There are 2 protein chains.
Amino acid sequence: MAYKRSALMQERLADNRERIVRAARKLIGAGGLREASINAVAAQAGLSTGALYRYFPSKAELFVEVLNDAVRNEVAILDAIVDGEGSAAQRLRAAVRSFAERALEGPHLAYAFIAEPADAEVDAARILCRQQFGNVFKRVLREGIARGEFPAQALDVSAACIVGAYTEALVRPTATQTRRGAGDARLVAEIVEFCARAVGAPLDAGGSGKHHAKTQRTPKRKTA
Amino acid sequence: MAYKRSALMQERLADNRERIVRAARKLIGAGGLREASINAVAAQAGLSTGALYRYFPSKAELFVEVLNDAVRNEVAILDAIVDGEGSAAQRLRAAVRSFAERALEGPHLAYAFIAEPADAEVDAARILCRQQFGNVFKRVLREGIARGEFPAQALDVSAACIVGAYTEALVRPTATQTRRGAGDARLVAEIVEFCARAVGAPLDAGGSGKHHAKTQRTPKRKTA
DNA sequence: TAAATTTGTGAAAGTCTATTCACTTTTGTT
DNA sequence: AACAAAAGTGAATAGACTTTCACAAATTTA
């Protein structure tokens, strides 16, 4: 009779797949794509190299999945912020801050996902991801402009500039091995204000942008 | 008696070296680091692979030299603009515009130099280069703030954001295979205004930033 | 428990490219 | 011209990977 996977087996397979993805994400987060060789990923996941190929046809496809997972998660968070309460300026600030804070938690991951190139295949996926980030910002911008909060501007250019601005500002210190923790809050605050000014948002009601009511709490990265 | 290189030979060797560097730059410009294999560079330079190693000890060192050459050239241009006439805001705009325009001429080159990672060695060199770009912008910012043209802000963060903003805005369309030429002027103008607003510069006297006096002509990339 | 089928293993094969090196050609000295 | 030294060649080497595959272990059916 035909072979049928038991429920338990189903679960174990799904679990393996999950563990592979997580292993890859962890390694990328720790040391960029450079550190995430197939062997390393397999070892980290507690499987043999060969087994990996039962779950993913190639390294590239594995990475694309890792990328998409992470971005889906990220975009969901940003979406929630952008579709939330408050003025467009407030929401824009909250979105930038949220993204920046999480990026600082896993700098290599952010870098790998936004900038570090790999196969053509992965690159293609990444471009779509960047656009997804851009789209979130475009939404707030469009709304802010419609409401008269921001001056008229090219949405796509501004959105791309925002993504680029904080990417660079976040990645540079990473590369320079700057000590973590200390100046992070200030760094994030400055990036937020840079972006706010850039889109022509009015000054933050709370003052200089350093000590103001925390309108939106930044959720932690999903762990499940 | 000891071997002594004739003047003619000296010249030819120097010429070869130069040709290798140019070949590498050309290939990188055409298709990024990916396309610039040692074999390809050698062929493009009209030499054998082996010969290349008489001029450079490794691929990484060759790339570092290409990078430094290009950046030195670029920074010199920006320096001239930043140390020139006019308000800080005008000079900042001119610098961003100049950089953006030249980057659009060789998009892959700009990308490879600013973002595309390679060996640790090349990466290290690139970080220094980015800082050099950042320093130029920091100078205008500091001056503008001192003069009361711009509000107080973290120089290093703003400078990094500027570099990041136009990098992303310039690179994204490249990756997306957008048609060149048509929207370029608009793209550059929008990026310039984004950065100007971001540092808190007053509105451009010339209006929306699209049709205004060309205060500073952008020099072409050096060809010699 | 035996046969059938799927899953897991890890050494070996395949791939891609930087680097080397035995050899040829060219250049400089006597 | 004859010899020494340097520059140039490109096939072979080398190393770091991904990917495969013959085989072992585990799981499902009868």
Side-chain angles (χ1 to χ4, degrees), chain A residues 1-21 23-24 27-28 31-66 112 116-123, chain B residues 1-21 23-24 27-28 31-66 112 116-123:
Chain A
M1 198 230 186
Y3 184 97
K4 180 87 185 308
R5 281 196 285 258
S6 71
L8 199 71
M9 194 61 188
Q10 288 267 25
E11 214 173 283
R12 182 136 57 90
L13 292 184
D15 190 65
N16 277 350
R17 190 172 215 280
E18 180 75 27
R19 211 162 53 247
I20 293 170
V21 172
L27 287 173
I28 295 172
L33 296 182
R34 221 192 286 286
E35 303 289 312
S37 72
I38 284 283
N39 282 293
V41 172
Q44 174 74 41
L47 287 169
S48 66
T49 44
L52 234 147
Y53 284 83
R54 285 196 178 276
Y55 296 86
F56 297 91
S58 73
K59 191 189 181 183
E61 294 213 22
L62 165 59
F63 282 178
V64 169
E65 178 154 335
V66 173
E116 190 172 0
D119 305 75
E121 204 177 336
V122 178
D123 267 4
Chain B
M1 201 235 184
Y3 183 96
K4 180 84 187 308
R5 281 196 285 258
S6 71
L8 199 70
M9 194 58 186
Q10 288 267 26
E11 213 174 284
R12 183 133 57 90
L13 291 184
D15 190 65
N16 278 349
R17 191 171 214 283
E18 180 75 27
R19 212 162 52 247
I20 292 170
V21 172
L27 287 174
I28 294 172
L33 296 182
R34 222 193 285 286
E35 304 288 312
S37 72
I38 284 284
N39 282 294
V41 172
Q44 174 75 41
L47 288 168
S48 66
T49 44
L52 232 147
Y53 284 83
R54 285 193 177 276
Y55 296 87
F56 296 91
S58 73
K59 192 189 181 184
E61 294 214 20
L62 165 59
F63 282 178
V64 168
E65 178 153 336
V66 173
E116 190 173 359
D119 305 76
E121 203 177 339
V122 177
D123 267 5

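Since the model is a prediction, treat every value here as computed from it, not as a measurement.
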Kindly give the atom pairs (protein nitrogen or oxygen, nucleotide nitrogen or oxygen) under 3.5 Å for nucleotides 14-18 of chain D.
from: D:dT18; atom 1: OP1; to: A:Lys59; atom 2: NZ; distance (Å): 2.4
from: D:dT18; atom 1: OP2; to: A:Ile38; atom 2: N; distance (Å): 3.0

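- If you take CD on A:Glu35 and CD on A:Gln44, they are separated by 12.0 Å, rounding to the nearest 0.5 Å.
- For A:Arg19 and C:dT7, the CZ to C1' distance is 14 Å, given to the nearest whole Å.
- Rounded to whole Å, the distance from NZ on B:Lys4 to C1' on C:dT29 is 12 Å.
- Distance from the side chain of B:Met9 is smallest to C:dG28 among D:dA11, C:dG28, C:dG10.
- A 6.0 Å sphere centred on CD of A:Gln10 holds more than 12 heavy atoms belonging to other residues, nucleotides or ligands.
- For the strand DNA chain C, secondary-structure stems (runs of at least three Watson-Crick or G-U pairs, all distances below 3.5 Å) span C:1-30 with D:1-30.
- For A:Ser6 and D:dT28, the shortest distance from a side-chain N or O to OP1 or OP2 is below 4.0 Å.
- When the side-chain nitrogen and oxygen atoms of A:Arg12 are compared with OP1 and OP2 of D:dA26, none of them lie within a distance under 4.0 Å.
- B:Glu61 places its CD atom 15 Å from the P atom of C:dA18, with the value rounded to the nearest Å.
- Rounded to whole angstrom, the span from the CZ atom of B:Phe63 across to the P atom of C:dT17 amounts to 12 Å.
- Distance OH (A:Tyr55) to P (D:dT19): 18 Å, rounded to an integer number of Å.
- Residue B:Leu47 contributes atom CG, which lies 19 Å from atom P of D:dA6 at whole-angstrom precision.
- We find the OG-CG distance between B:Ser48 and B:Asn39 to be 9.5 Å, quoted to the nearest 0.5 Å.
- The only option from A:Val41, A:Val66, A:Asp15 that meets the side chain to side chain contact (heavy atoms under 4.5 Å, CB included) definition with A:Ile20 turns out to be A:Val41.
- To the nearest 0.5 Å, atoms CD (A:Glu121) and NZ (A:Lys59) are separated by 12.5 Å.
- Going from atom CZ of B:Arg12 over to atom CG of B:Leu8 covers 7.0 Å, rounded to the nearest 0.5 Å.
- A:Arg54 has its CZ atom 7 Å from the P atom of C:dG8, to the nearest Å.
- Under the 4.5 Å side-chain criterion, counting only non-hydrogen atoms from C-beta, A:Leu62 is not in contact with A:Tyr55.
- Atom CG of A:Leu52 and atom CZ of A:Arg17 lie 10.5 Å apart (nearest 0.5 Å).
- The side chain of A:Ser48 lies closest to C:dG8 when the candidates are D:dA11, C:dG8, D:dG8.
- An OP1 or OP2 oxygen of C:dT7 is reached within less than 4.0 angstrom by a side-chain nitrogen or oxygen of A:Arg5.
- Between atom CZ of residue B:Phe63 and atom OG of residue B:Ser58 there is a gap of 10.0 Å, rounded to the nearest 0.5 Å.
- Note: CZ (A:Arg17) to C1' (C:dG8) measures 17 Å, nearest angstrom.
- Mapping B:Leu8 and A:Gly50 onto DNA chain C via the closest heavy atom, the residue that lands nearer the 5' end is A:Gly50.
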